[in-house]
Amino acid sequence: MELTPKQQTIELIKQAQTILVTTHKNPDGDAIGSLLALGQSLSAIGKTVTMVCNGEISALFSFLPHLKDIKSTLDGGREFIITIDTTQSSEGELKLGYKHDKTAKKLSIVVTPSRGLLRKENVSFSSNLPHFDAVIALDVPDIERLGALYDDYTQIFFETPVINIDHHASNDHFGKINWVDLTATSTCEILVSLLESMSASNNTKLLTDDVATYLLTGIITDTGSFQNASTTPKSFTVAAQLVGAGARQQEIIKRLFKTKPLTTLKLWGTVLSNITLEANPPCVWSAVSIEELDAVGATPAELTGVIDELLKSTPDVDFALLISERRSPTNGNTLHASMRAIAPSVDVSALAHIFGGGGHTQAAAFEQPRAGNLHEQTRTIIDSIKKEYTRSTRPLELPSDDDLSLDS
Ligand SMILES: [Mn+2]
């Protein structure tokens, strides 16, 4: 009988010794919670674990123990090594030179032996790429969402079996093993069942106070403290189980929802003063520029929660959108847009899809390269979304009496 994704995951973990555990860039509570919970549990059963998450981690999560163990990138791997077997020319000297033709984008390395000849067969290539027996991607709908980790270390993802554990409907099944559970409210919820099985087979209690706290953090963030319509009976059951295992629920609520640095409050002020209410279709949106973020001394990570706590409170609108300008170290700035469905019938992932984004029906996001005037670019995005929404929700046109007439 074919193994379930969960059984395959357990098998692969059993066989692996060095494991890379990672999550999407600009992580939310579910990403960070699942990364720390699985990373620490794997260490507890004797695995050599590297935890990597690209991009800024919000200071909101600083209450989570061992947050500092998460690296922003991998070490090594940049050196490309060319090895030449010099048996045929070992008695003489070797002269080494190189020519870099930047126009033709070609680097030629010239090795000239004083005696004998070097041949193609004498050359081999290698790199100091770090080695892993398995990669586990958590809460990652598509592999590009890993950011620079994937861009810089693509080869690792080709050479290593990847386990993809996620709950996004837009997950594109990039792993060798794809444990994608659309009924789970969060990746953390999926991990509870994995850690229970791993605890039993390793005779180790993996759901410690800390691990339960990480997992509950993910469930609380992805369900909006159990307020989102996506909250299921199972999420309550799992949460109760985690509190029973020692999860510090009060601390999570206090740190995530009741403690706001001054910079965050100022940023919320900016978002509120930029709010625009559109009539047709009814929606609400706000946008923040880099200059506005800088002016209040806030980071983009502080925008986490703004859409759920401010924009979603607007009555009588179908959906909410928050656009923020982000600095990108490589290719110019980007516009990041988060969307939330407010009316139950709205599918914001379909709207995000027109800009190459994705997510869930109730929460989705997309990115666009920054170009031209910020105000105009934002307006164009909003107009396209409104047009698509109107088009997709237009009621079926019933044939008119004229069409039904058989007279000619
Ligand atoms: Mn999630």
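We count ligands from 1, going down the list as the structure has it; atoms in each ligand are counted the same way. For the numbers below, each heavy atom of this structure counts, side chains included, while hydrogens, waters and symmetry mates do not. No experiment lies behind these values; they were computed from the predicted model shown.
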Is a side-chain donor-acceptor pair under 3.5 Å present for Glu196 with Gln241?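 Present: a donor and an acceptor within the cut-off.
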Do any of the N, O or S atoms of His168 sit under 2.8 Å from the Mn ion (ligand 1)?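 His168 does not place any N, O or S atom closer than 2.8 Å to the Mn ion (ligand 1).
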Taking backbone and side chain together, does Asp139 place any N/O/S atom at a distance below 2.8 Å from the Mn ion (ligand 1)?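 True for Asp139.
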Between the main-chain N or O of Gly29 and the side-chain N or O of Asp222, is there a donor-acceptor pair closer than 3.5 Å?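 Answer holds: no.
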Between Ser197 and Lys6, which heavy-atom pair has the shortest distance, and what is it?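 Here Ser197 and Lys6 meet closest at OG-NZ, 2.9 Å.
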Please tell me whether Phe174 and Phe157 form a close aromatic pair, meaning their ring centres lie under 6.0 Å apart.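 No, they do not, as the ring centres are separated by 6.0 Å or more.
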State the atom name: nearest N, O or S atom of Asp30 to the Mn ion (ligand 1).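 Closest to the Mn ion (ligand 1) among those atoms: OD2.
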Measuring from the Mn ion (ligand 1), name the closest N, O or S atom belonging to Asp222.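 Going through the N, O and S atoms of Asp222 one by one, OD2 ends up nearest to the Mn ion (ligand 1).
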